[in-house]
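Here the structure is laid out as structure tokens; the discussion comes afterwards.
Chain identifiers are assigned alphabetically (A, B, ...) following the order of the sequence lines, protein sequences preceding nucleic acid strands; residue numbering begins at 1 within each chain. Keep in mind the model is a prediction, meaning the values are calculated, not measured.
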2 protein chains.
Amino acid sequence: MTQEAIERVRSSLGRSRLRWSPQREQIVLAFLKQDHITIRSLYGFLNRNGRRTPLNTIYRTMRVLCENGFAQARRFGEETQYDNISTKGDHDHLICTGCGHIVEFEDPAIEELRQQVALANGFHLTGRNLELYGLCAGCRSYPVPPAMA
Amino acid sequence: MTQEAIERVRSSLGRSRLRWSPQREQIVLAFLKQDHITIRSLYGFLNRNGRRTPLNTIYRTMRVLCENGFAQARRFGEETQYDNISTKGDHDHLICTGCGHIVEFEDPAIEELRQQVALANGFHLTGRNLELYGLCAGCRSYPVPPAMA
DNA sequence: GTTTTTGCAAAAGATTTGCAGCCAA
DNA sequence: TTGGCTGCAAATCTTTTGCAAAAAC
């Protein structure tokens, strides 16, 4: 099924007369396995397994994926995270500040309220970003030492 | 009343055995007049009116203000915005992608739902960040040319 | 063949840090 | 007097860009 997902990206790019290369395939392959990933971790992964891929190629490819609706960039704190949105709708994030674990969630009631707030202020909503920070159950019981997080 | 606000910051820093300087006063003064401000605009302002203040001094002072509960840093897109939270509770933002205008809002119902989501996932909530992006009424009627935004 | 992508190096932009001298408490 | 603050310059980090060679279609 990963093969199928790859194929979807490939043909979508093709329709925009963008090209497919081994580097691009490696990056997309790695990206599609994750729910969210950073440039840094992609870089680490790609240069550990497989061919050497410089940072700027990764940046460029991720930008292409964003422009074509497969990825969405967002900043969690310091790092820019790339969200895999090819198979998911809009969603929000719950982030554990202890271990870094991220839980995705969708809440129609919150979405409804967002629309109301926008409307009340005369805005036409085009994007939203909700991040909730806290400690997950595990971290409250067994705090992760910062060095290991 | 600005004088009073300044005094509050000053004595709070004093209690943490941090010092007060003319530069710090200028920065705090400029910051307290705003709801949110960027380093860049503070820099522009301070070096237009008043004494010369280098960027690193502004960064350092804003960090001190964050650490002492007067400011809160958050990234809206590219720029880090410093929120004046000394006189306000937690709040969220509605951001016009046309003109850059920012509206603050508080919505108890959304807050309630956030708590529920956190609870349902076993998280103890410590922070939240909700940004809604869209076009304000003015920008839908009279779009602002990017160059002027 | 033409156009896009790659990879290197360099640039750009934001933020931080080292350090000597200055200044507030 | 002492330890924090300033200001300069340099370092760091992330992301972008110029460009010639290589690859894709």
Expressed as a whole number of angstroms, how long is the span from [X]:[atom1] to [N]:[atom2]?
{"X": "B:M62", "N": "C:dA14", "atom1": "CE", "atom2": "C1'", "value": "15 Å"}
{"X": "B:L46", "N": "D:dT6", "atom1": "CG", "atom2": "P", "value": "12 Å"}
{"X": "B:I27", "N": "D:dT6", "atom1": "CD1", "atom2": "C1'", "value": "10 Å"}
{"X": "A:R52", "N": "C:dA9", "atom1": "CZ", "atom2": "P", "value": "13 Å"}
{"X": "B:I58", "N": "C:dT16", "atom1": "CD1", "atom2": "C1'", "value": "14 Å"}
{"X": "A:E25", "N": "D:dA23", "atom1": "CD", "atom2": "P", "value": "16 Å"}
{"X": "A:Q26", "N": "C:dG7", "atom1": "CD", "atom2": "P", "value": "11 Å"}
{"X": "A:R75", "N": "C:dT15", "atom1": "CZ", "atom2": "C1'", "value": "12 Å"}

With respect to the phosphate group of [N], does any side-chain polar atom (N or O) of [X] fall under 4.0 Å of OP1 or OP2?
{"X": "B:Q23", "N": "D:dC5", "result": "no"}
{"X": "A:S21", "N": "D:dA23", "result": "no"}
{"X": "B:R24", "N": "D:dC5", "result": "yes"}

What are the two closest heavy atoms between [X] and [Y], and how far apart are they?
{"X": "B:T126", "Y": "A:G134", "result": "OG1-CA, 3.5 Å"}
{"X": "A:A30", "Y": "A:L46", "result": "CB-CD2, 4.4 Å"}
{"X": "A:R8", "Y": "A:F70", "result": "O-CZ, 4.1 Å"}
{"X": "A:C139", "Y": "A:C96", "result": "SG-SG, 3.6 Å"}
{"X": "B:T53", "Y": "B:N47", "result": "N-OD1, 2.9 Å"}

Looking at the base of D:dG4, is there any donor atom on it, or on the side chain of B:R60, that sits under 3.5 Å from an acceptor on the other one?
no
Base of D:dT15, side chain of A:N56 - is there a donor-acceptor contact under 3.5 Å?
no
If you check the [X] side chain, which of [options] turns out closest?
{"X": "A:L55", "options": "C:dA24, D:dT15, C:dG7", "result": "D:dT15"}
{"X": "A:R63", "options": "D:dC19, D:dG4, D:dT16", "result": "D:dT16"}
{"X": "A:R19", "options": "D:dG18, D:dC25, D:dG3", "result": "D:dC25"}
{"X": "A:W20", "options": "D:dT6, C:dG7, D:dC25", "result": "D:dC25"}
{"X": "A:T80", "options": "D:dT15, D:dG4, D:dT6", "result": "D:dT15"}
{"X": "B:L18", "options": "C:dT4, D:dG7, D:dC5", "result": "D:dC5"}

Please list, by residue number, the residues of residues 33-43 of chain B whose heavy atoms come closer than 4.0 Å to an atom of DNA chain D; answer none if no residue qualifies.
none
Would you please test B:I110 and B:L130 for side-chain contact (heavy atoms from CB on, under 4.5 Å) and show each step?
CA-CA 10 Å; B:I110 289 182; B:L130 169 60; 4.2 Å; yes
B:F105 with B:I95, same ILVMFWY side-chain cluster at under 4.5 Å
no
Tell me which of A:T61 and B:Y59 sits closer to the 5' end of DNA chain C, going by the nucleotide each one is nearest to.
A:T61
Along DNA chain D (nearest heavy atom to each residue), the more 5'-positioned of B:P22 and A:R10:
B:P22
Mind checking B:R17 for me? I need base, sugar-phosphate or nothing, with any heavy atom below 4.0 Å counting as a touch.
sugar-phosphate
With no hydrogens and no angle check, just 3.5 Å: does a side-chain donor-acceptor pair link B:Q81 and B:D83?
no
